[in-house]
Protein chains: 2
Amino acid sequence: MPGIKEVAKQANVSIATVSRVLSKPETVAKETIKKVLAVIEDLNYQPNAAARQLRMSETTTILVVVPDITNTFFSNVLRGIEFVALENGYQVLLGDADNNAEREKGYLSILRQKKAAGMILLTAGIEAETVEEIASEYPVVLACEYLEGVNVPTVSIDNVSSARKATEYLINLGHKKIGFISGPMNSVLGRDRMKGFYQAMAQYNLKVEPDLVQEGNFSYKSGLDMMHKLLAYSHPPTAVFAANDEMAFGAINAIEQKGLTVPNDISVIGFDDIQFSSIFKPALTTISQPTFDIGTKAMELLIGLMTKQEMEKTQYILENKLVLRDSCYKCSR
Amino acid sequence: MPGIKEVAKQANVSIATVSRVLSKPETVAKETIKKVLAVIEDLNYQPNAAARQLRMSETTTILVVVPDITNTFFSNVLRGIEFVALENGYQVLLGDADNNAEREKGYLSILRQKKAAGMILLTAGIEAETVEEIASEYPVVLACEYLEGVNVPTVSIDNVSSARKATEYLINLGHKKIGFISGPMNSVLGRDRMKGFYQAMAQYNLKVEPDLVQEGNFSYKSGLDMMHKLLAYSHPPTAVFAANDEMAFGAINAIEQKGLTVPNDISVIGFDDIQFSSIFKPALTTISQPTFDIGTKAMELLIGLMTKQEMEKTQYILENKLVLRDSCYKCSR
DNA sequence: ACTCAAAATGAATACGTTTACAATGCGGTT
DNA sequence: AACCGCATTGTAAACGTATTCATTTTGAGT
């Protein structure tokens with residue numbers, strides 16, 4: 001409630017001095033600083049953010065757009081972002097796109113209104129060119145997804161090679177008939193992981209049967225449904241690669257509903273290594289992403305952009321690893 | 001980039017009319033509106049949020065403080081909040097307290113700087129009196145937790161009676177030696193749920209053995225550890241009530257690690273009904289909270305406070321229900 | 001054609017800061 | 001004594017918008 005001029009009056013100085021005490025203390029006499037600080041403390045004065053922002057034309061808020069806040073994978077990245085944001089005096093504005101490209105687009109106005117100084121996109125439901133256009137005007141970094149040919153600072157893992165790695169693991173276990181439950185084809189993530197699957201199969205001269213590739217939408221239910229579809233074929237796969245963990249859980253439960261067991265009858269591998277993957281039974285073999293690190297790195301990158309620092313590098317591919325647990329086993333057939 | 005005066009110049013009107021076109025269109029001629037709107041469209045003009053906020057001394061941002069963004073229980077509430085926030089033109093600023101009261105306190109300055117018009121607390125790590133003090137100065141609503149004797153608008157479930165209900169269910173199944181894995185005693189949630197447990201036991205004249213009550217911290221690992229402790233006693237319980245689902249998972253996995261099965265050897269009931277509870281095996285019997293609704297209701301309440309509407313009611317206790325799944329069974333001993 | 005109320009517009013101010021610039025005071029140098 | 005440089009402080013102007021008040025335009029009624 002009290003403004004800077006109230007402080008100035010009580011401290012018997014000009015408002016300029018008060019302002020300086022807060023932002024450039026080295027230019028004001030120690031004696032005065034002490035006096036002013038005392039009044040500030042006394043009145044519990046806090047500078048008005050809007051006024052400061054207007055004057056300086058810069059804000060300390062940034063926007064993070066998440067496809068689904070409920071997914072622990074994303075919320076972990078978010079945690080990383082918030083962590084370094086806070087450390088550097090930034091606040092994060094949350095935009096839950098709810099898997100809806102239109103809603104995602106709506107958040108862009110926040111940048112235009114200068115309510116946020118920059119943005120981190122945890123997904124790209126919107127078209128690549130729109131992203132590039134926005135990025136040319138405002139500080140933007142892409143996390144989790146790598147957009148081919150788009151020159152926007154990015155931090156992610158290599159989804160293609162990771163998916164290849166997962167598939168190879170299954171192949172090396174002796175599996176030949178391998179099913180794939182993909183993510184939605186309209187997402188980069190979905191397409192990249194599928195690409196990796198095909199690469200691995202081709203590399204080992206294994207034929208991928210179109211019937212054994214089903215498109216899910218990253219949800220538990222789609223994993224369950226698609227697995228049931230796969231099980232209905234005359235020659236079901238001996239191993240299944242699900243493009244994320246939640247779908248893998250669905251697949252496993254579908255298999256068990258049919259009276260079969262994982263990994264003895266069918267092996268299942270997932271992707272992401274969310275929290276529950278190690279709690280689930282059987283514990284899920286999966287690709288682990290450094291979610292927290294993706295978040296911190298993305299935020300560091302964004303800070304670099306916003307403060308116009310010279311950047312040695314703007315594309316980061318973080319390491320991921322295959323974590324071996326109990327849901328895969330050697331092929332017995 | 002273009003300001004209101006650029007629009008004014010190109011439309012050949014004063015900045016006042018441009019402003020009016022945006023905020024009070026009914027006071028300006030249709031002809032002019034069309035002209036101005038065209039220029040706005042053309043220049044892709046967006047009003048500067050900081051300037052507007054400074055002039056009107058009100059912002060459309062609200063702050064939500066979450067104890068742990070990673071917990072799907074809270075992220076679901078958050079989703080509800082964001083949903084109605086967006087619908088009403090508000091943005092939500094995220095504060096992840098990371099289960100740290102100090103960090104939680106730090107977010108209060110955001111209110112003082114007027115960066116946010118109000119706040120929703122999804123937890124109360126800070127003391128009740130601090131909350132009340134803040135609430136007397138700014139619009140604040142409490143969600144998820146009910147603070148005894150604190151007159152702050154609240155939406156939650158009745159944790160005490162729900163915990164009682166869960167315990168009663170176990171008792172009616174014939175269990176007498178019932179263990180309890182509590183939440184942390186420094187949280188209201190933890191204390192309330194324990195209170196319910198004791199009430200039910202007392203009501204049925206069952207003795208609660210101090211050894212069978214263990215304090216966890218709502219994490220999977222603490223559930224696992226505490227259950228191992230319970231199993232180590234000479235007369236382990238035949239049923240266990242875990243104060244949240246994650247600890248229940250830990251308990252179940254601990255039981256199975258000992259070669260026992262749930263629910264045949266020991267029944268386990270949880271609390272919250274997070275997403276994973278129906279996926280887990282055995283599917284978890286638990287108390288289901290209307291998380292999304294808690295979020296929407298809390299945000300509606302906050303909007304009411306911020307717009308100074310007359311409120312018929314400021315304390316909401318939402319319904320919860322016991323969802324029966326596969327982790328509990330009749331006592332065989 | 002003239003009047004007058006109502007409708008539409010413009011000029012000017014305030015919101016609470018930061019900061020460029022000017023003003024002041026002080027000690028030391030010539 | 002006059003002057004200079006430096007440290008400290010104050011004055012005033014901006015930032016982009018909303019709004020009060022005054023002014024102009026419009027249109028209906030005579």
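In the text below, chain A, chain B and the rest are named by the order of the sequence lines, each starting its count at 1. Keep in mind that this is a model prediction, so the values were computed, not measured.
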### Message
Side chain of B:Val13 only, heavy atoms from C-beta on: which candidate in C:dG10, D:dT17, C:dG16 is closest?
### Response
C:dG10

### Task
Round to the nearest Å and state the distance from B:Lys34 atom NZ to C:dT9 atom P.
14 Å

### Query
Over how many whole Å does the gap from B:Leu54 atom CG to D:dG16 atom P extend?
12 Å

### Query
How does protein reach along nucleotides 19-25 of chain C, written 5' to 3' as B (base within reach of a heavy atom under 4.0 Å), S (only sugar-phosphate), or - (no contact)?
BB-----

### Task
Measure from CG on A:Asn48 to C1' on D:dC15 and round the result to the nearest Å.
13 Å

### Task
In whole angstrom, give the distance that lies between atom CD of B:Gln46 and atom C1' of D:dG16.
14 Å

### Message
From CG of A:Leu22 over to C1' of C:dG16, roughly how many Å is that when rounded to an integer?
### Response
13 Å

### Task
Give the rounded distance in Å between these two atoms: NZ of B:Lys5 and P of C:dA11.
15 Å

### Task
Select one nucleotide: of D:dT17, C:dG10, C:dT17, the one nearest the side-chain heavy atoms of B:Ser14.
C:dG10

Distances for protein N/O vs nucleotides 6-8 of chain C N/O pairs under 3.5 angstrom?
none

Could you list the donor-acceptor pairs under 3.5 angstrom formed by side chains in residues 290-306 of chain A, with sequence neighbours left out?
| residue | atom | partner | partner atom | Å |
| --- | --- | --- | --- | --- |
| A:Thr296 | OG1 | A:Asp293 | O | 3.0 |

#### Entry: Any residue meeting side chain to side chain contact (heavy atoms under 4.5 Å, CB included) with B:Glu319, in chain and number order, not counting sequence neighbours
none

### Task
For residues 71-86 of chain A, pull every pair meeting salt bridge (charged side-chain N to carboxylate O under 4.0 Å, His left out), keeping only residues two or more places apart or in separate chains.
A:Arg79-B:Asp98, A:Glu82-B:Arg103

### Message
If the condition is side-chain hydrogen bond (donor to acceptor under 3.5 Å, both in side chains), which residues does B:Thr130 pass it with, not counting sequence neighbours?
### Response
B:Glu127

### Query
In chain order, what residues pass the side chain to side chain contact (heavy atoms under 4.5 Å, CB included) check against A:Arg20, with sequence neighbours excluded?
A:Ala16, A:Thr17, A:Thr27, A:Val28

### Under the side chain to side chain contact (heavy atoms under 4.5 Å, CB included) test, residues paired with B:Pro184 that sit two or more places apart
B:Asn186, B:Ser187, B:Glu215, B:Phe218

#### Entry: side-chain hydrogen bond (donor to acceptor under 3.5 Å, both in side chains) involving B:Gln46 - partner list, sequence neighbours excluded
none

### Query
Between B:Lys114 (NZ) and C:dC15 (C1'), how many Å, whole number?
13 Å

### Message
Take a 6.0 Å sphere around CD of A:Glu26 and say whether it holds more than 12 heavy atoms from other residues, nucleotides or ligands.
### Response
yes

### Task
Taking the six-membered ring of A:Tyr107 (Phe, Tyr or Trp), confirm whether the NZ or CZ of A:Lys105 is under 6.0 Å from its centre and within 45° of its axis.
no

### Query
Between atom CD in A:Glu31 and atom C1' in D:dA7, what is the gap in whole Å?
15 Å

